[in-house]
**Q** 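Pasting in a structure now, in structure tokens, and then I'll have a few things to ask.
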Number of protein chains: 2
Amino acid sequence: MSMDAVFKALGDPSRRELLDRLHARNGQTLGELCEGQDMTRQAVTKHLGILEDANLVVTRKRGREKLHYLNPVPIHEVADRWISKYERSRLRALSDLKKQFEGKTEN
Amino acid sequence: MSMDAVFKALGDPSRRELLDRLHARNGQTLGELCEGQDMTRQAVTKHLGILEDANLVVTRKRGREKLHYLNPVPIHEVADRWISKYERSRLRALSDLKKQFEGKTEN
DNA sequence: ATAATATGCAACTAAATGGTTGCCTATTCA
DNA sequence: TGAATAGGCAACCATTTAGTTGCATATTAT
């Protein structure tokens, strides 16, 4: 369960959209997740595979179809072990920026 | 300032390490950020360029050297506009998982 | 003035990535 | 039983990516 795999998985917009879809409705089949997508089913399968490898998605078979469920744990860990570190020192970093760049515009 | 650029930038471990270094000590020069790195200065420059494009890092010239500062805003936005959505429904998703997979182990 | 230092820029390369097509298997429905 | 549906798997392709080497420029130190 490497954090790197999670970050990599989140680095692609198609995959984030798949997560968003599952967030909107959990437990969808592959077919459902393909609807209205402008890539082939096989491409979607690959993306879902990467999400599964990162443990962001967990699947279950029901007959001939495959159900996809969101696993909130890895995102929580990213929030907790990585993002939060930067959030804690946020105001400090902002004041550093002001100090260094006051008066300067980026044009 | 697209969120996609931020996610992409965070998707590489070398770039996250650069951010971590700046988090540990803000305002480092390119040379300093290269110390102990097992890639060339030019490779580091490219990574820093991607971080700059994503607005995660802001730079300033001091004589012949370039100082690098962390910009906490994009990470905050990711936390606020993306991560938090999943954090809110976290317990719900966990109970979904339990419901679907109780009794099953992944071995 | 010269040498050393700090960085910039461009061309090139290997490997990873995101996508495709084609075909096969398993389950369900009529 | 046969057709339709849901998905799996492998080979292939184009582009992007992460890195390199080589050289140029600007600033500082002697």
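Just so we're clear, the structure is a prediction, and the values are computed from it rather than from any experiment.
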**Q** May I ask you to verify whether the side chain of Gln42(B) and the base of dG22(D) hold a donor-acceptor pair under 3.5 Å?
**A** yes
**Q** Once you round it to whole Å, what is the distance between P of dG19(D) and CD of Glu17(B)?
**A** 11 Å
**Q** Roughly how many Å is it from CG in Leu10(A) to P in dG18(C), rounded to a whole number?
**A** 12 Å
**Q** Is the shortest side-chain heavy-atom distance between Thr29(A) and Leu67(A) below 4.5 Å?
**A**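 Yes; the side chains approach each other to less than 4.5 Å.
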**Q** Does the dG8(C) base have a donor-acceptor partner in the side chain of Arg41(B) within less than 3.5 Å?
**A** yes
**Q** Going by heavy atoms in the side chains, are Leu18(B) and Gln37(B) under 4.5 Å from each other?
**A** yes
**Q** Taking atom P of dG19(C) as reference, at what distance in whole Å does atom CG of Leu18(A) sit?
**A** 10 Å
**Q** Starting at the 5' end of DNA chain C and moving along, which residue's nearest nucleotide shows up first, Lys46(A) or Arg64(A)?
**A**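 The residue closer to the strand's 5' end, by nearest nucleotide, is Lys46(A).
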**Q** Roughly, in whole Å, what's the span from CD1 in Ile50(A) to P in dA16(C)?
**A** 13 Å
**Q** Looking across every strand, which nucleic acid part, if any, lies under 4.0 Å from Arg62(B) by heavy atom: base, sugar-phosphate, or nothing?
**A** nothing
**Q** Working note: Ser84(B) + Arg88(B), criterion side chain to side chain contact (heavy atoms under 4.5 Å, CB included); need CA distance, chi angles, decisive distance, verdict.
**A** CA-CA 6 Å; Ser84(B) 70; Arg88(B) 266 180 250 122; 3.1 Å; yes
**Q** Provide, to the nearest angstrom, the distance between the NZ atom belonging to Lys8(B) and the P atom belonging to dT16(D).
**A** 10 Å
**Q** Hey, are the side chains of Leu10(B) and Leu10(A) touching, using non-hydrogen atoms and a 4.5 Å cut-off?
**A**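 No, every pair of side-chain atoms sits at 4.5 Å or beyond.
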**Q** Within this structure, what is the CG-to-P distance between Leu51(A) and dT17(C), rounded to whole angstrom?
**A** 14 Å
**Q** Expressed as a whole number of angstroms, how long is the span from Leu48(B):CG to dG19(D):C1'?
**A**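 Distance check: Leu48(B) CG to dG19(D) C1' gives 15 Å.
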**Q** From the list dT21(C), dA6(D), dG8(D), which nucleotide is the closest neighbour of the side chain of Leu30(A)?
**A**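 Side chain of Leu30(A) sits closest to dG8(D).
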**Q** Quick check on dT20(D): is either OP1 or OP2 less than 4.0 Å from any side-chain nitrogen or oxygen of Thr40(B)?
**A**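 Yes.
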**Q** Please identify which of these residues, Asp96(B), Leu97(B), Leu91(B), meets the side chain to side chain contact (heavy atoms under 4.5 Å, CB included) condition with Pro72(A).
**A** Leu97(B)
**Q** When you measure from the side chain of Lys66(A), which nucleotide among dA18(D), dG18(C), dG8(D) comes out closest?
**A**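 Minimum distance to the Lys66(A) side chain belongs to dG8(D).
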**Q** Nearest to the side chain of Met39(A), which nucleotide is it out of dG19(D), dT20(C), dA6(C)?
**A** dT20(C)
**Q** Which of these nucleotides, dG18(C), dG19(C), dT17(C), is closest to any side-chain atom of Asp12(A)?
**A** dG18(C)
**Q** I need the NZ-C1' distance between Lys61(A) and dT5(D), as an integer number of Å.
**A**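 One finds 12 Å between C1' of dT5(D) and NZ of Lys61(A), rounded.
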**Q** According to a strict under-4.0 Å criterion, is His47(A) in side-chain N/O contact with OP1 or OP2 of dG19(C)?
**A** yes
